[in-house]
Every structure is written in C-alpha cells, then in structure tokens.
Amino acid sequence: AVDALSHLLEGLYSNKRAPLIYPLIFQGIRLILDNLKPALSDPTDRAAREALSRASLYGGVAISHTSTTLQHSIGYPLTSVYGIPHGLANGIVLRQVMDLYYPAVKTELNSLFDHLKTSRDGFYDWLDSLGLQAGIKVPEEFIAAKTAEILASRNMANNPLEVKAEDIASILRGLS
C-alpha cells in the first residue's frame, strides 16, 4: 500500500503528469488513507484489503502513464544494499521528496489535499502515524557512492524540477 501511495504521488510529481488521471490518483490516495490502518489492525478485513488492492491498481495506471521519479530512484539502492522492502524504502523518503517537490507541484498537491479534506501538515501527521522506519544509519560512504547512481537513474528524467546531488545526500542523511 505504501508503494502504491508512492506510485500515486509520483503520478502528480512526474513531468509527464496528466490531469486526466488526477481523479484516479486522488481516489487511490483516499482509499489508502481510509483503509491502510484498518487493514493493518485487522488483516482479515476484506473490504479494507479490497480497497487497498484497488488503490494499487490505480497506482499502476498512474505510473504506466507517468513513470516514477526520485522517490523510486532513492528507494532502489536502499532495497538492494540494506534489504529494506521496496514499499518501505519508498515510504521512508516520501515526506522529504514531497518537501523537495512541493514548490514545483504546489497546485497539484494542494488540489490533492483539498480533495482529501486535509492539509499538507495533516497528510504528514497521517504519514508519521504509520511509523515507517528502516532502522538504519546511512553511512557517508553509501551516500557518496549512491548519489551518482541515483542521479544517473532513468527515473530522474521525470522529476518536476532539477534535483541536485546535495538534495539526494540531504534526504539520505535524514534517514539516520
């Protein structure tokens, strides 16, 4: 569900974003916000799990149109080096990526928050309540080695603004 949330948000972030799919993105994010905690507290809650499956489908539709961005580019080495599950690797940088992109996609994100009847801070509060943590301290050697790899990844062409090495290093340092 957190990976699906990443896909949906990246549908708004990507420079390939298409307003035609915003209703699908907004609905997918609404489904995750409404159903992730119920599904986590009761894994037998079929309605919540079905809603999360639908949100995942919407996320797949979104990235098939827009592809992914920095969020996934950072998540991949966290998974391959540290064994952090893919969705969690994306989730632990979600807030930092949103903060970085906010000036470039402010209109889209504010429309999302209006649809969700929340604010950016309210969304962050919900995200923080999930307790997403990887339990790692990212060493400077990893940051130095992986920043160039992240910058060179194909997903970086889809960012809504220019991402610099310092931006990536700052996000990775924020994990510790």
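Excluded from the calculations below are hydrogen atoms, water molecules and symmetry mates; all remaining heavy atoms, backbone and side chain alike, are included.
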Side-chain touch [X]/[Y], heavy atoms, less than 4.5 angstrom:
X	Y	value
L12	Y101	no
F113	D121	no
N15	N159	no
Y124	L94	no
P77	I150	yes
K146	V81	yes
V97	I171	yes
N155	T69	no

Between atom [atom1] of [X] and atom [atom2] of [Y], what is the distance when rounded to the nearest 0.5 Å?
X	Y	atom1	atom2	answer
S56	L31	OG	CG	11.0 Å
I92	L78	CD1	CG	5.0 Å
L33	L36	CG	CG	8.5 Å
T68	K16	OG1	NZ	9.0 Å
L127	L5	CG	CG	7.0 Å
L175	Q96	CG	CD	6.0 Å

Out of curiosity, does [Y] fall in the hydrophobic cluster containing [X] (side-chain heavy atoms, cut-off under 4.5 Å, transitive links)?
X	Y	result
L130	L52	yes
L9	V61	yes
L161	L112	yes
L172	I136	yes

Expected output: side-chain [X] to main-chain [Y] donor-acceptor under 3.5 Å:
X	Y	value
S6	V2	yes
S41	K37	yes
S67	I63	no
N35	A51	no

Which residues satisfy the side chain to side chain contact (heavy atoms under 4.5 Å, CB included) test with L151, sequence neighbours excluded?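 Per chain and number, L151 pairs via side chain to side chain contact (heavy atoms under 4.5 Å, CB included) with T147, M156, A165, I168.
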Could I get the full list of ring-ring contact (aromatic ring centres under 6.0 Å, His included) partners for Y102, not counting sequence neighbours? none
For F142, all residues meeting ring-ring contact (aromatic ring centres under 6.0 Å, His included), sequence neighbours excluded: Y82
With sequence neighbours excluded, give me every salt bridge (charged side-chain N to carboxylate O under 4.0 Å, His left out) pair touching [range].
range	answer
residues 68-88	none
residues 73-93	none
residues 98-107	D99-R120
residues 19-34	R30-D34

Run the salt bridge (charged side-chain N to carboxylate O under 4.0 Å, His left out) test against [X] and tell me which residues pass, sequence neighbours left out.
X	answer
R49	none
D128	R95
D42	none

Distance-minimising heavy-atom pair for [X] and [Y]:
X	Y	result
P38	D45	CB-OD2, 4.0 Å
A55	I32	CB-CG1, 3.6 Å
E10	T66	O-OG1, 3.9 Å
A104	P160	CB-O, 3.8 Å
T79	A89	OG1-CB, 3.5 Å

Enumerate the side chain to side chain donor-acceptor pair (under 3.5 Å) contacts for residues 162-171, please, sequence neighbours excluded, ordered by first and then second residue. none
With a 3.5 Å cut-off and sequence neighbours excluded, list the donor-acceptor pairs that the side chains of residues 17-28 form with protein atoms.
{"unit_1": "R17", "atom_1": "NE", "unit_2": "E108", "atom_2": "OE2", "d": "3.2"}
{"unit_1": "R17", "atom_1": "NH1", "unit_2": "Y13", "atom_2": "O", "d": "3.2"}
{"unit_1": "R17", "atom_1": "NH1", "unit_2": "S14", "atom_2": "O", "d": "2.8"}

State whether a side-chain donor-acceptor pair under 3.5 Å links D3 with H72. yes
Take atom CD of E149 as the centre, draw a 6.0 Å sphere, and report whether it contains more than 12 heavy atoms from other residues, nucleotides or ligands.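 Above 12, so yes.
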If you apply the rule side chain to side chain contact (heavy atoms under 4.5 Å, CB included), what do you find for T118 with W126, and how did you get there? CA-CA 10 Å; T118 192; W126 174 83; over 6 Å; no
Under the side chain to side chain contact (heavy atoms under 4.5 Å, CB included) rule, what do R173 and I143 come out as? Steps first, then yes or no, please. CA-CA 8 Å; R173 283 186 191 106; I143 294 169; 3.5 Å; yes
